[in-house]
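Reviewing the structure listed below.
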2 protein chains.
Amino acid sequence: MVKQISSHVPCYCAVLRKAVRRVSVLYDAKLKDSGLKTTQFSLLGELRRHRTAPLTMNELAEYLVMDRSTLGHNLRPLLRRRLVALKPDAVDGRTRRVTITARGEAKFANAEKLWEKAQKEYEAVIGKPAAVALRSALQKLATSDAL
Amino acid sequence: MVKQISSHVPCYCAVLRKAVRRVSVLYDAKLKDSGLKTTQFSLLGELRRHRTAPLTMNELAEYLVMDRSTLGHNLRPLLRRRLVALKPDAVDGRTRRVTITARGEAKFANAEKLWEKAQKEYEAVIGKPAAVALRSALQKLATSDAL
DNA sequence: GTTATATTGGGGCATATGCCTGTATAAAAG
DNA sequence: CTTTTATACAGGCATATGCCCCAATATAAC
């Protein structure tokens, strides 16, 4: 893209959404050859982080700051491709625990290299200190109880 | 929501997306009674800002930092509800200029009151100075040529 | 134990987002 | 003037997002 013009909009949400569109395009482009979208990459990453004690869908949704039904929808393509699996819980018949498969692990490892390039490019644009500070502010925002 | 837990994820994009989910829920909830989603409200606002000289779809997409096809999709529900209109350009047969209708203006004016409450609540959560600084950083990010 | 309440997740609906491809129109090349 | 190239937009495809309502299961109240 060239010579980006945009109104100076007062809406906090609108500006946030503009930024996420722009940044998502960057990350999705970098991840393209891996066959994963940014959301899918993040989802697999979260599962990887909880390999030893798989989360229920509710827990996973909370970690991802995502609606339960959204998580369900996002899991479907990954289930179809056997990158993740659902295991019925031993004690609670309602819950299913979400795990990353070996295929998923492999896919993630491959995508991680491309993701690092996206991270570097993002940092190059706004500067690493600013990037880290911004991420910290957004993390706080994303996990604020008060909202 | 209560007691939000979330991993400390290194991906700038993932955290940005988490934040946008969370904030969008707040704004959409506030705007609910207006019958407009946040994106629709922003879209109408942008049209309103250019009332006197309606933009082409390409121009509008650029202002919104949004893909052209995404804009087309987002316009469809608004066209259906007669909140916006497309006028063929006088000189260029390919372009269509997007305008907000009287109905759209009325809808926007009503939604604006609710939007202000969302803004206030958002500011209350993270503090007004932080909110303004964050918006400024995100605006820069959204409109950076380098990306 | 039976009933009431709460939790877990699924399915349907609508919008949001962007890619790729095609079509129509305009502008440039010759 | 015809051909080529560039631009503007539409449509199909897939994922992303969240709401609502519902069924199944579990827990609490009695």
Side-chain angles (χ1 to χ4, degrees), chain A residues 1-2 13-14 16-29 31-33 35-43 55-62 64-81 83 86-98, chain B residues 1-2 13-14 16-29 31-33 35-43 55-62 64-81 83 86-98:
Chain A
M1 288 195 211
V2 195
C13 186
L16 189 49
R17 292 180 74 99
K18 283 184 189 180
V20 84
R21 276 180 228 126
R22 190 110 167 144
V23 175
S24 293
V25 169
L26 163 66
Y27 276 77
D28 279 339
L31 285 177
K32 196 181 175 217
D33 289 345
L36 293 177
K37 299 293 197 81
T38 303
T39 304
Q40 301 177 324
F41 178 76
S42 300
L43 212 167
L55 302 173
T56 67
M57 289 194 58
N58 261 328
E59 291 165 344
L60 182 55
E62 193 167 4
L64 295 170
V65 191
M66 183 181 286
D67 188 86
R68 269 84 57 87
S69 68
T70 303
L71 173 59
H73 295 156
N74 292 354
L75 280 176
R76 210 144 304 137
L78 298 175
L79 284 165
R80 213 186 309 134
R81 295 161 68 187
L83 302 179
L86 289 177
K87 297 192 190 308
D89 191 272
V91 285
D92 193 330
R94 297 167 301 181
T95 66
R96 292 155 168 252
R97 298 202 172 260
V98 194
Chain B
M1 289 194 212
V2 195
C13 186
L16 188 51
R17 291 180 74 99
K18 281 184 190 182
V20 86
R21 275 179 228 127
R22 190 109 166 146
V23 174
S24 294
V25 169
L26 163 66
Y27 276 77
D28 279 339
L31 286 178
K32 195 180 175 219
D33 288 345
L36 292 176
K37 299 293 196 80
T38 303
T39 304
Q40 301 176 325
F41 177 77
S42 301
L43 212 168
L55 302 173
T56 67
M57 289 193 58
N58 262 330
E59 290 165 346
L60 182 55
E62 194 166 5
L64 295 171
V65 191
M66 183 181 286
D67 188 85
R68 271 75 60 93
S69 68
T70 303
L71 173 60
H73 296 155
N74 292 354
L75 282 175
R76 209 144 305 136
L78 299 174
L79 285 166
R80 213 188 307 135
R81 294 162 67 187
L83 302 179
L86 289 178
K87 298 193 190 307
D89 190 273
V91 284
D92 193 330
R94 297 167 301 180
T95 67
R96 292 155 167 251
R97 298 201 172 263
V98 193

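Per chain, numbering begins at 1; letters A, B, ... match sequence-line order.
- Residue order along DNA chain C, read from the 5' end via each residue's closest nucleotide, puts A:Ser24 first among B:Val91 and A:Ser24.
- Side chain A:Arg94 to base C:dT8: no donor-acceptor pair is found below 3.5 Å.
- Of the candidate nucleotides D:dT15, C:dG9, C:dG18, C:dG18 has the atom lying nearest to any side-chain atom of B:His73.
- Residue B:Arg17 places at least one side-chain N or O closer than 4.0 Å to OP1 or OP2 of D:dT17.
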(request) Run the numbers on B:Gln40 and B:Leu31 for side chain to side chain contact (heavy atoms under 4.5 Å, CB included), then give the verdict. (result) CA-CA 10 Å; B:Gln40 301 176 325; B:Leu31 286 178; over 6 Å; no
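- Looking at B:Glu62 and B:Glu59, their side chains never come closer than 4.5 Å, going by heavy atoms from C-beta outward.
- When the side-chain nitrogen and oxygen atoms of A:Arg80 are compared with OP1 and OP2 of D:dT15, one or more of them lie within a distance under 4.0 Å.
- Dense packing is recorded around CZ of B:Arg97, with more than 12 heavy atoms of other residues, nucleotides or ligands lying under 6.0 Å away.
- Distances shown here put a side-chain N or O of A:Lys32 below 4.0 Å from the OP1 or OP2 atom of C:dC20.
- No side-chain heavy atom of A:Arg94 sits less than 4.5 Å from a side-chain heavy atom of A:Asn58.
- Between A:Lys37 and D:dT17 there is no side-chain N or O to OP1 or OP2 distance below 4.0 Å.
- The interatomic distance linking A:Arg22 (CZ) with C:dT17 (C1') rounds to 15 Å, in whole Å.
- The line from CE of B:Met66 to CG of B:Asn74 is 5.0 Å long, rounded to the nearest 0.5 Å.
- Remark: P of C:dT15 and CG of B:Leu43 are 13 Å apart, rounded to the nearest angstrom.
- Contact check, B:Thr70 against C:dA16: no side-chain N or O comes under 4.0 Å of OP1 or OP2.
- Here the nucleotide nearest the side chain of B:Thr39, chosen from C:dC13, C:dT17, D:dC9, is C:dT17.
- Comparing C:dG18, C:dA16, C:dG11 by their nearest atom to the side chain of A:Arg76 picks out C:dG11.
- With DNA chain D read from its 5' end, the first of the two nearest nucleotides for B:Asp92 and A:Asp92 is the one closest to B:Asp92.
- Protein atom CZ of A:Arg81 is 13 Å distant from nucleotide atom P of D:dA14, rounded to whole Å.
- Side-chain proximity of A:Leu86 to C:dG10, D:dG18, D:dC9: nearest is C:dG10.
- Projected onto DNA chain D by closest heavy-atom contact, B:Arg21 and A:Pro77 fall at different nucleotides, the more 5' of which corresponds to A:Pro77.
- If you measure from atom CZ of B:Arg96 to atom P of C:dA26, you get 13 Å, rounded to the nearest angstrom.
- Taking only side-chain nitrogens and oxygens, A:Asn58 comes nearer than 4.0 Å to OP1 or OP2 of C:dG9.
- Across all strands shown, B:Gly93 has heavy atoms under 4.0 Å from sugar-phosphate atoms exclusively, and none from any base.
- One can place CZ of A:Arg68 at 11 Å from P of C:dG10, the figure rounded to the nearest angstrom.
- A:Ser69 comes within 4.0 angstrom of a nucleotide base, judged by non-hydrogen atoms across all strands.
- In this structure, A:Asn74 reaches the D:dT17 phosphate: one of its side-chain N or O atoms is under 4.0 Å from OP1 or OP2.
- Spacing between atom CE of A:Met66 and atom P of D:dT17 amounts to 5 Å, rounded to whole angstrom units.
- Taking atom CG on B:Asp28 and atom C1' on D:dC19, their separation rounds to 10 Å, with Å as the unit.
- Residues A:Val20 and A:Arg97 both approach DNA chain C. Their nearest nucleotides, taken by heavy-atom distance, put A:Arg97 toward the 5′ side.
- Of the possible polar contacts, none joining the A:Asp28 side chain to the A:Lys37 backbone as a donor-acceptor pair under 3.5 Å is found.
- The separation between B:Asp67 atom CG and D:dA14 atom C1' is 14 Å, rounded to whole Å.
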